[in-house]
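Here's the structure we're looking at; comments come further down.
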Amino acid sequence: MTKNRVLVVGGTGYIGKRLVKASLAEGHPTYVLQRPEIGLDIDKFQILLEFKRRGARLIEGSFSDHRSLVEAVKQVDVVISAMSGVHFRSHNLLLQLKLVDAIKEAGTVKRFLPSEFGTDPARMGHAIEPGRVSFDEKMIVRKAIQEAKIPYTYVSGNCFGGYFIGNLSQMGTLLPPKHSVQIYGDGNFKAIFLDEDDVATYSIKSIDDPRTLNKTLYLQPPENILSQRELVEIWEKLTGRTLEKITISPEEFLSQLKGAEFAKQVGLGHFYHIFYEGCLTNFEIGEEGEKASKLYPEVKYTRVHDYLKRYL
Ligand code: NDP
Ligand code: GFR
């Protein structure tokens, strides 16, 4: 049986490039959208050339050219969007509505994975401003998908290691602290940490799976469901050094919103809901969802301990 053809949109991005690699590794005929707008962004262009070398096919297309998007999606069975979620002011996530229109017109796509890969936006109706913008935009895209009756899978990828493991979930840095670590409240709310390559692998596993059709796939690898204190302890054992723990109350944490620049405010919102509310683990998965580690037990996901070794 021939493998589903996969198109990755946003394929030179942080999670996008990992999705392309995972699709190729799984043996799917893999296509990557090549946008003319990348212009002289030589890094992006080199990434595209490297994908081509590894057997991916580049399809030219632009979000400013509806026809090009329709022609692109007509060439594949599955579309995965890894559209940026951080450039909030330009509302990139809403650009995906153009992709939804193209998929609807083509009428041939068997599965569409919109750009999510984080906190389940359906559970974030209460999210604080302004960080709620990314959840609200993801829900607008979901509404359009479901109104167009496009078959979908939503991937809740929880906390990417690069933003939450390596820095021991400290804001404003990607490196582990050397002397002291900020502990959010009592530091005991459980979060869920993922190696980004595992997010991509689980996502690709789901695209052919009838069990994930029109469902949310929750990435909850059991050994990576940890509190911030447990995360810090793993690092202290690895380094043999103890960090001074500085507790920050929710009131103190949220007071940083005042006067902070927009992106920082958004980050504060994400961190608040994760570490002061436990939003990633304070619910049971119902009919709407599936647990990836149950569906795909064969995936040898990277444990937090091994992810942290990279930072020694
Ligand atoms: P990036 O910032 O790496 O951007 C991804 C791609 O978006 C780019 O490579 C580009 O595609 C495309 N893009 C950006 N601007 C435009 C534009 N104006 N027009 C068309 N395409 C554009 O994204 P991330 O990988 O950081 O984020 C992807 C998803 O993952 C988001 O939904 C985000 O919320 C989520 N996320 C989750 C995290 C977590 O911890 N759970 C952490 C980080 C992100 P091209 O390759 O074609 O140039
Ligand atoms: C956990 O779910 C998500 C996480 C999500 O659904 C969408 C985005 C995120 C990331 C963001 C990626 O851009 O969490 C916060 C934010 C990254 C960020 C990290 C923002 C501000 C910071 O100071 C920061 O420090 C590591």
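Remember, it's 1-based here, ligands and their atoms both numbered in the order they're listed.
One hydrophobic cluster holds both I103 and F63 under the rule that ILVMFWY side chains link at heavy-atom gaps under 4.5 Å. Grouping the Ile, Leu, Val, Met, Phe, Trp and Tyr side chains by contacts below 4.5 angstrom, directly or via other members, places Y218 apart from L226.
The contact set between ligand 2 and G118, taken as ligand atoms under 4.0 Å from a residue heavy atom, comprises 2 (O), 5 (C), 6 (O). Using a 4.0 Å cut-off to heavy atoms of Y163, the atoms of ligand 2 that qualify are 17 (C), 19 (C), 26 (C). Set against the non-hydrogen atoms of G267, the atoms of ligand 2 under 4.0 Å away are 20 (C), 21 (C). Shown in contact with N92 at under 4.0 Å from a heavy atom are these atoms of ligand 1, numbered in order with element: 14 (C), 15 (N), 16 (C), 17 (C), 18 (N). Within ligand 1, the atoms closer than 4.0 Å to a non-hydrogen atom of N158 are 39 (C), 40 (O), 41 (N), numbered from 1 in the order shown. Heavy-atom proximity to S115, at under 4.0 Å, picks out these atoms of ligand 1: 28 (C), 29 (C), 31 (C), 32 (O). For ligand 2, the atoms lying closer than 4.0 Å to a non-hydrogen atom of T173 are 26 (C). Near G118, with a cut-off below 4.0 Å to any heavy atom, the atoms of ligand 1 are 41 (N). Close approach of ligand 1 to Y14 (heavy-atom distance below 4.0 Å) involves ligand atoms 3 (O), 25 (O), 26 (O). For ligand 2, the atoms closer than 4.0 angstrom to any heavy atom of N158 are 1 (C), 2 (O). If you number the atoms of ligand 1 from 1 as listed, the ones under 4.0 Å from a heavy atom of T12 come out as 9 (O), 45 (P), 46 (O), 48 (O). Near M171, the atoms of ligand 2 lying under 4.0 angstrom from a non-hydrogen atom of the residue are 21 (C), 22 (C), 23 (O), 25 (O). For ligand 1 and F164, the ligand atoms under 4.0 Å from any heavy atom of the residue are 40 (O). Atom numbering of ligand 2 starts at 1 in the shown order; those under 4.0 Å from a heavy atom of I274 are 1 (C). Close contacts between ligand 2 and Q170 involve ligand atoms 25 (O), 26 (C) [criterion: under 4.0 Å to a heavy atom].
Of the possible polar contacts, one joining the N158 side chain to the L219 backbone as a donor-acceptor pair under 3.5 Å is found. Checked by atom type and distance alone, the side chain of N92 never pairs as donor or acceptor with a backbone atom of G85 at under 3.5 Å. A donor-acceptor pair under 3.5 Å is absent between the side-chain atoms of D77 and the main chain of K110, judged by distance alone. A donor-acceptor contact shorter than 3.5 Å links the side chain of T153 to the backbone of T212. Without hydrogens or angle criteria, Y31 side chain to V73 main chain gives no donor-acceptor distance under 3.5 Å. Under the 3.5 Å distance criterion, the side-chain polar atoms of R229 are matched with a main-chain donor or acceptor of D186.
Proximity of E37 to ligand 1, defined as any heavy-atom pair under 4.0 Å, is not found for any part of the residue. Residue V266 does not touch ligand 2, judged by heavy-atom distances below 4.0 Å. Contact annotation: for A82 versus ligand 1, heavy atoms closer than 4.0 Å belong to the backbone alone. The proximity of K264 to ligand 2, defined as any non-hydrogen pair under 4.0 Å, does not occur for either the backbone or the side chain. The proximity of L95 to ligand 1, defined as any non-hydrogen pair under 4.0 Å, is limited to the side chain. Only side-chain heavy atoms of F164 come within less than 4.0 Å of ligand 2; its backbone N, CA, C and O stay farther off. With a heavy-atom cut-off of 4.0 Å, N167 touches ligand 2 through its side chain alone. Heavy atoms from both the backbone and the side chain of M83 come within less than 4.0 Å of ligand 1. When non-hydrogen atoms are compared, ligand 1 lies under 4.0 Å from the side chain of K44 (C-beta onward) but not from its backbone. Under 4.0 angstrom from ligand 2, the non-hydrogen atoms of H270 all belong to its side chain.
The distance between the ring centers of Y14 and F117 does not fall below 6.0 angstrom. Annotation: F135 is in aromatic contact with H270 [ring centroid separation under 6.0 Å].
Under the 30°/60° scheme for interplanar angles, the aromatic rings of F253 and Y272 are found to lie parallel. Using bins of under 30°, 30° to 60° and over 60° for the plane-to-plane angle, the ring pair H126/H273 lands in the perpendicular bin.
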inquiry  = Applying salt bridge (Lys or Arg N to Asp or Glu O under 4.0 Å) to E105 and R67, what does each step give before you reach the verdict?
reply    = CA-CA 10 Å; E105 180 172 327; R67 189 55 36 211; 2.7 Å; yes
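Look at K190 and E230 and you find a salt bridge, because one of the NZ, NE, NH1 or NH2 atoms lies within 4.0 Å of a carboxylate O, short of that distance. We find that E261 and K264 are not joined by a salt bridge, their nearest charged nitrogen and carboxylate oxygen being 4.0 Å or further apart. Contact check on D120 versus R142 returns a salt bridge, with a Lys/Arg side-chain nitrogen under 4.0 Å from an Asp/Glu carboxylate oxygen. Using a 4.0 Å cut-off between charged nitrogen and carboxylate oxygen, K138 and E116 do not count as a salt-bridge pair.
Taking any N or O of G13, backbone or side chain, at least one lies under 3.5 Å from an N or O belonging to ligand 1. Of the N or O atoms in G172, one or more lie within a sub-3.5 Å distance of an N or O in ligand 2. The shortest N or O to N or O distance between T119 and ligand 2 is under 3.5 Å. Inclusion of I15 in the set of residues having an N or O under 3.5 Å from an N or O of ligand 1 is warranted.
Heavy-atom proximity to atom 43 (C) of ligand 1, evaluated over F63, Y163, F135, F117, is greatest for Y163. Within the set G16, G85, G157, the minimum heavy-atom distance to atom 27 (O) of ligand 1 is found for G85.
A 4.5 Å side-chain heavy-atom check between S62 and E37 finds at least one atom pair inside the cut-off.
Ligand 1 lies nowhere less than 4.0 angstrom from a heavy atom belonging to I47. Remark: distances from the non-hydrogen atoms of S134 to ligand 1 are all 4.0 Å or more.
Tested against N4, the residues V76, I204, D208 include a single side chain to side chain contact (heavy atoms under 4.5 Å, CB included) partner, D208.
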